[in-house]
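Data block below; observations after.
Whatever order the structure lists ligands and atoms in, that order sets their numbers, starting from 1.
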Amino acid sequence: MVAPEQPFRTLTGMHDLFDPDTARRRALVDLFATRAEQAGYREVRPPLLEELGVFQRLGEATDVVSKEMYEFEDKDGRRVALRPELTAGVVRAFVQHHPPTPWKVWYAGTSFRRERPAKGRYRSFDQVGVEVLGVDDPDLDVEVLALAWSTVRELGLRDVRLVVNSLGDGDDRRNYTDAVAAFLHSRRSDLSEAAVATSERNPLRVLDTKRPEDRAVIADAPSIAEFLSPDSVAHLDRVREGLRALGVPFTEDDRLVRGLDYYRRTTFELVADSLDAAQNAVGGGGRYDGLAEDLGGPPTDGIGFALGVDRLFLACDAEGVFPAPEPVLDAFVVDTTGGGAARDLVHELREARLAADRRYGGGSLRSQMKSADRSGARWALLVGTDELAAGVVTVRDLRTGAEQETIARAELVGALLQRLAPTAGTGRDGSDGRDDEREGTRT
Ligand code: HAM
């Protein structure tokens, strides 16, 4: 095989992720999973690739489906697509496996949209989210919105707003769409060319426009509030009441229509004001009561949300919150004998569930100590010819700089474990909380 002229690179809009970003992502997924599981949600993992039709149900008039999907024919001649989001796959899974309702699931995963890349807008991006199938109760809407809100708060974000709207049930939404289409038609000479084109495909999307000239026109458009049925109004009232009772602050925006077509009744977005206006939605969701039917299942109510992990982290950086967790390393073995001491000792430490590392290829005491310092380990464990001969290890505490100790090789692992264990009475040994956390894994 001939080597490429230029080394390969990631595709436009896609990124490699490294530590500490990867560690931070894992911490976020852990935080979210814990919160969701405490609220009775269990994990679901639909595949990344589905039959194209699954995603076409998101609305053929939406950009996500008509312009941004990675779709192709597989070798069996089937039209397939990489998922642009997870809701459609989760609802397809619900229809396929008919689990008992209410079906409460959470997920974390990557989606793909062939969008124009920008800061906060990528072609491969991660989301965490939940879906609930089979419950019509507006108190569930409150639970779902509160979960999204408290996740964002727990990350430490403060400059984020929750914006709520109702798009009404199927009939309300259809009537409203017709009214907006008629309005846009009557004002087409005042609208930008792009807005006129969008109004022909998907009139509601024009309400979302960020162009100032269009926004002036949109200000006069009819409001969804005039089209809501009494049932939709009652549902929205109960959601408002619940959010107030739980102390979840929100504002309402009757122009919030969202980018996917499946939404009915409650819709919402989390907006980070620390980000550029064009990409400031860090999450969004709502009800999609007709989607299960569209995917060939029985009529089933549904609601959920997804938070955009990449954008959440941009907002965290802007606010200086939720830093990546520090790597945890208990011991770094420094072996200047060139024998098997480092090999055997790191293995023994790891088998005892201590985090241990070493350097390969030997090197002087000085250079190995440099590696030990850089590693962030708590202890450097030194094995030189003297230690080897005496059957001991020199233990240097790299964090406190306390005087080094000599411990018998045979007792070393037990002694280190004891130091990490909480001291009776205080419940702590004075080190950081991670020790407590890991206690359960040490037997
Ligand atoms: P969405 O609004 O399309 O909704 O995406 C949710 C979040 O994912 C956005 O608010 C944003 O933070 C992030 N996101 C979307 N596209 C990109 C991108 N190209 N680059 C970076 N981040 C992005 C959904 O996906 C629905 N499935 C949410 C839902 C769940 N509705 C009901 N259940």
Fit a plane to each ring of Phe94 and Trp103, take the angle between them on a 0 to 90° scale, and name the class: parallel (under 30°), tilted (30 to 60°) or perpendicular (over 60°).
-> tilted
Every residue of the protein that comes under 4.0 Å of ligand 1, judged on heavy atoms | Glu85, Thr87, Tyr107, Arg113, Glu115, Gly120, Arg121, Tyr122, Phe125, Gln127, Glu131, Arg258, Leu260, Tyr262, Tyr263, Ala281, Val282, Gly283, Gly284, Gly285, Gly286, Tyr288, Gly304, Phe305, Ala306, Gly308, Arg311
Does a side-chain N-to-carboxylate-O contact under 4.0 Å join Asp63 and Arg201?
-> yes
Using 4.0 Å as the upper bound for N to carboxylate O, is an ion pair formed by Asp19 and Arg25?
-> no
Salt bridge check: are Glu115 and Arg123 linked by an N-O gap of less than 4.0 Å?
-> no
Measure the spacing between CD of Gln279 and NZ of Lys119 and express it to the nearest 0.5 Å.
-> 10.5 Å
Taking the six-membered ring for Trp, are Trp106 and Phe32 parallel (under 30°), tilted (30 to 60°) or perpendicular (over 60°)?
-> perpendicular
